[in-house]
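The structure under discussion appears below in the form of structure tokens.
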Amino acid sequence: MTTSTTITRVQPPAANRVVVEAEVRRARRRYPDAWVLLLRAAPEWHGPAEITVDQVTVRVVPCVSVLAVLDALTAHADGEYLVLLTPHDPHELGANVLARAAGHQVRPINRWDLVREGFGVKRLDPRLTHRQWAWVSEALLDAQPWWPKLGGAVLDLNTALSRLAAARLGRGHDQLDVASLLEWTRDEAAVGQFLELRPEERAGLTDWLESTVGPAAGVTFRLVNHGHAGDAIAIGLALSVLHVPEAARKQAAIQARVRAEERFFAGEAPSEAALRAFAEAAESVVVRWLDRDDSDRAAVSLVLDRAAEILAELRAGGLAGASTMLAAGFDARLAELADELARVLPVPCPVDLAPVEEALGRLKDHRLSKARAQDVEAAEMAVRLARWLTVDEPPPGTVADGALRHLRGWGWVDRALNTVWAADTSRVPQLAAAYQALYAAVRERRAELDRGFAERLAAWTAVSGVTDELLLAENLLNRIARPVAAKAAPLIVVLDGMTAAAATELAEDIAALGWLEVGRREDGREPAVATVPSTTRYSRVSLLCGALRTGGQAEEQAGFREFWRGRRAVLFHKQHVRGDAAQYLDQDVRDAVADPGTVVGVVLNTIDDALQHGRESGAAGWRLDHIAYLRELLDAAQRAVRPVILTSDHGHVLDRGEDPGSEHADTARYRTGTPGPGEVLIRGSRVLVPGNEVVVPWEERIRYTSRRAGYHGGVSPAEMVIPVLVFVPSVSLCPSGWHEYDRKRHEPEWWRELATTSAQAPVPPAASRRKAQAAAPAQDEGLFDVAEVAHSGPSLGRRVASSELLAAQRAYARKAPPDDEIATLIDGLVEAGGKLPVPAVARLVGQPQMRMKGYLALATRLLNVDGYPVLTLVDGEQTVALSVELLKEQFLSGGDR
């Protein structure tokens, strides 16, 4: 019986262009004289018949038989490199064929050798040759022909797979995390290429990424495999809503999760932990987008809107308000703030504002707070206004008092009010109602303060209208510009119509450019007062001439030169500032600013023009880039090391569309006749109309001419108070006796935090304060012990002042304040909740504010026994703080406490 044996040939792997090029390079290095390479490979070739490798023409011929090999060798031309792909063994080809081949052999294709050579390593991680990773070598060679050299001895498994995954996903190898995977899902072409990979490679990469990146990667690839790649991030945001604690137990969320399982995962949902990790990763991606300066806001909006649509499709749209990322969640927090504001208005108390502050904090914590910066700013301004409504604001006692309080407080109120007025509340109807109620409450209070200021102004102007201390439009150059010019010729910029509110914003932007703000007063900026009427024709010419004048630009030019008689001075108006093509500032302006010996004045009308024509931008305030030419002028002054004085000739009020009244005149905010409601008659030498008498409104709603965006000429503080800002490029240019200002110093206490008292309000007598506190109901908690205030015996301050320890401390502070002042200081701080602004403390103890720095230094030396911080200065040394507990511990003992 004859037995026949059939030998089954094992088909060698197919060669691709990457393999052929690598083998040719290797053979040419080892056998430079050989021009034939035999590769044991499947006799198939899907590339071009000829390829170029290092400038050498290579012809690739698949040879299914030995005869085909012989034919190819016969046809081989000189100067051509020949690669023969044959499945035959060396003994089948014969010695003659092998003699012509590189190395006299049939070289087998070893993909791992090519991988090792490609990465520049000597050895491979043994795990790579395991059957589980058999697909990796071909995938590596397929994905990218030339890998960056590792420079190490071994190519380990994780490095190989991370480089492969990065190449297949089109991501940098150092960016492979779940967030980068989610961003990859938005690349439709890259996802399509991944789905076209061989199944074993696709499954292998998925498993490896899930094991290294985390379970969220597995969720990502399941969505990709089910055709939901484009919605992956939006699905993650929707899932984040369904899995937040406050929504997780709701029936709507439970049912929506079941629907999501069927729709997105074919009924086999990933684990709860994997879904949570995936949802958190989706949120982190969107946060990353929002944090980038170049973020695509449109793309963010599309993803957020799609997430809201998915929730609605899952019948869980009502849960979107719980989201920390979706717009519905942001709007829900706005609505919550609106409800809290409505609850405390129109007359809030400090204790009422805690829920309002908490609602604002939750709004600012929302992930969209940066993208919705305008909404957050309006909300923050609204809360600041609510704080201000809790501050004691008595009517001004003098013109100087009113002007100072406007510059340092009411102007900040105006800034906040402008922002709230312009807020977009279209998405949250109750927010509109809350902001309107807030506006009404603030305006009612401001109207009373405006009326008080106008009455003081009328009385003062009628008597004399001059002062040794208060800055006026006509003495501003003499009292401010001359001392500055003693150091270096200044650039004086008059922003026609700039209010105290606008000055607060512009000063912040200018300080951010590196300018140092300085001033005459140690406690902060000082105001000037415009002429009556507060219009350009009267106030600006008086300012620029340094004396009360009436006129236009010609009078201003002549008066400015006359004021600076004895040194070079030049004044530029708007029409002279604009330069030619490719030169924003006029050359004459640039030359004048560059000349260190010339005092330069520039009048910019941007704000005043906006009152006439309105602002196309609709912006609520005035920032540096809103004022044409101002940034460029500041840059030129900084290059010339020149001080800058930024001021105005008057302020303005805005038209809010309210009833203007029935009177008519040729000018918007002043007239002749008899004053009516909201108006006052002012007469005196600073009233520059013929007859030195005029009727002017203090009520901002009154106008006598056709409607415009805003008006000036009246006697409201917003029109009459001129902000004065002085900036120097170097501290060496600060005038002698002047002071440097920190930006935060100018912010009112209520602007930064809930105020316990007003920096401007007078401190009531101690006896009346104690009586009021004693009448108040006791609370469980507070900043200080209410029982202390109602103490029937000596006050805490009196007990400390009469203690033996305080008497002993006087040996170390011989010039310290007397006992009665120490008692008054302690009692006043206790009854104010432990903190008072320095100006309020000065009034409390009856000391000039300029002496408070030394006064408080001696008081702290007296009270801070052994260095314990009983009495301290906080908030940039703007506020005096008292630790009641430390005070009692140091100075009182036993039952006396």
In terms of side-chain heavy atoms, does E455 have a donor or acceptor partner in W698 at a distance below 3.5 Å?
no

Can a salt bridge be assigned to the pair D523 and R408 using a cut-off of 4.0 Å between side-chain N and carboxylate O?
yes

Assess, by modelled atom type and distance only, whether the side chains of D827 and S795 contain a donor and an acceptor separated by less than 3.5 Å.
yes

Do the side chain of T461 and the main chain of L457 share a donor and acceptor less than 3.5 angstrom apart?
yes

Is it the case that the side chain of T531 and the backbone of S539 share a donor-acceptor pair, with hydrogens and angles ignored and the cut-off at 3.5 Å?
yes

Can you list the residues that meet the salt bridge (charged side-chain N to carboxylate O under 4.0 Å, His left out) rule with D496, with sequence neighbours excluded?
R540

Is L844 close to L836 at the side-chain level, that is, under 4.5 Å between some pair of heavy atoms?
yes

If you look at every heavy atom in P723 and S648, which pair is closest and at what distance?
CD-OG, 3.5 Å

Please enumerate all residues that pass ring pair (Phe, Tyr, Trp, His ring centres under 6.0 Å) together with H406, with sequence neighbours excluded.
none

With a 4.0 Å cut-off, would you call R623 and E508 a salt bridge?
yes

Could you tell me the separation between the CG atom of L829 and the OG1 atom of T824, rounded to the nearest 0.5 Å?
11.0 Å

For a side-chain contact (heavy atoms from CB on, under 4.5 Å) check, start with the C-alpha distance between L389 and V347, then their side-chain angles and the critical distance, and finish with the verdict.
CA-CA 7 Å; L389 288 173; V347 187; over 6 Å; no

Determine whether a donor-acceptor pair (N or O, by modelled atom type, separation under 3.5 Å) exists between the side chain of R445 and the backbone of W388.
yes

Within this structure, what is the OG1-CH2 distance for the pair T390 and W750, rounded to the nearest 0.5 Å?
10.0 Å

If we only count heavy atoms from C-beta on, is the R427 to L334 side-chain gap below 4.5 Å?
yes

What's the spacing between F453 CZ and T398 OG1 if we round to 0.5 Å?
9.5 Å

Does E358, at its CD atom, have more than 12 non-hydrogen atoms belonging to other residues, nucleotides or ligands within less than 6.0 Å?
yes

Could you check whether R405 pairs with D401 (Lys NZ or Arg NE/NH1/NH2 to Asp/Glu carboxylate O, under 4.0 Å)?
yes

Flag the pair V518 / L516 as yes when at least one side-chain heavy-atom distance between them is below 4.5 Å, and no otherwise.
yes

I would like to know whether I722 and H650 meet side-chain contact (heavy atoms from CB on, under 4.5 Å); could you show each step before the answer?
CA-CA 6 Å; I722 298 174; H650 56 75; 5.5 Å; no

Over all atoms of both residues, closest heavy-atom pair of G497 and I607
O-CG2, 3.5 Å

For a 4.5 angstrom cut-off between non-hydrogen side-chain atoms, does V830 reach L887?
no

Taking only residues two or more places apart in sequence, or in another chain, which ones meet F330 in a ring pair (Phe, Tyr, Trp, His ring centres under 6.0 Å)?
H366

Can you confirm whether R479 sits close enough to L471 that some side-chain heavy atom of one is under 4.5 Å from a side-chain heavy atom of the other?
yes

Would you say the side-chain atoms of E719 pair up with the backbone N or O of G713, donor to acceptor, closer than 3.5 Å?
yes

Residues R446 and D414 bridged, charged N to O under 4.0 Å:
yes

Side chain D509, main chain L624, donor-acceptor under 3.5 Å:
yes

Closest non-hydrogen atom pair, V680 against A454:
CG1-CB, 4.2 Å

Tell me whether R387 is salt-bridged to E357, with the criterion being a basic N under 4.0 Å from an acidic carboxylate O.
yes

Mark yes or no for whether D352, through its side chain, and V344, through its backbone, hold a donor-acceptor pair below 3.5 Å.
no

Does NZ or CZ of R686 come closer than 6.0 Å to the centre of the six-membered ring of W460, within 45° of the ring's axis?
no

Quick one: do the R415 and T504 side chains pair a donor with an acceptor below 3.5 Å?
yes

Set out, in order, the CA-CA distance, both residues' side-chain angles and the distance that settles side-chain contact (heavy atoms from CB on, under 4.5 Å) for K888 and L796, then state yes or no.
CA-CA 9 Å; K888 292 179 179 179; L796 176 61; 4.3 Å; yes

Without swapping roles, check the side chain of R521 against the backbone of E526 for a donor-acceptor pair under 3.5 Å.
no

Is the closest side-chain donor-acceptor distance between Y711 and R669 under 3.5 Å?
no

Nearest non-hydrogen partners of V880 and L856, listed with the distance:
CG2-CD1, 3.7 Å

Not counting sequence neighbours, which residues clear salt bridge (charged side-chain N to carboxylate O under 4.0 Å, His left out) with K364? List them please.
E380

Any donor-acceptor pair under 3.5 Å linking the side-chain atoms of D608 with those of H712?
yes

In Å, rounded to the nearest 0.5 Å, how long is the span from OG of S426 to CG of D331?
9.0 Å

Salt bridge present between E336 and R333 (N-O < 4.0 angstrom):
no

Taking every non-hydrogen atom, the tightest pair across L725 and A503
CD1-O, 3.9 Å

I'd like to know if the side chain of D375 and the backbone of R372 have a donor-acceptor N/O pair within less than 3.5 Å.
no

Main chain of A502, side chain of T499: is a donor-acceptor contact present, judged purely on distance under 3.5 Å?
yes

Between CG of L543 and OG1 of T647, what distance do you get to the nearest 0.5 Å?
6.0 Å

Within-4.5 Å side-chain heavy-atom neighbours: L825 and L871:
yes

Distance (rounded to the nearest 0.5 Å) between R384 CZ and L438 CG
13.5 Å

Sorted by chain and residue number, the side-chain contact (heavy atoms from CB on, under 4.5 Å) partners of A881 (sequence neighbours excluded) come out as K835, T872, V874

Does any part of the side chain of V845, heavy atoms only, come nearer than 4.5 Å to the side chain of P817, both counted from C-beta?
no

Taking S534 for its side chain and G714 for its backbone only, find out whether a donor-acceptor pair lies under 3.5 Å.
yes

Within-4.5 Å side-chain heavy-atom neighbours: L506 and M498:
yes

Between G411 and A500 the two heavy atoms that sit nearest each other are CA-CB, 4.1 Å

Looking only at side chains, do Y855 and E821 share a donor and an acceptor under 3.5 Å apart?
yes

For W412, all residues meeting ring pair (Phe, Tyr, Trp, His ring centres under 6.0 Å), sequence neighbours excluded:
W751

Is it true that the side chains of H746 and E517 contain a donor and an acceptor less than 3.5 Å apart?
yes

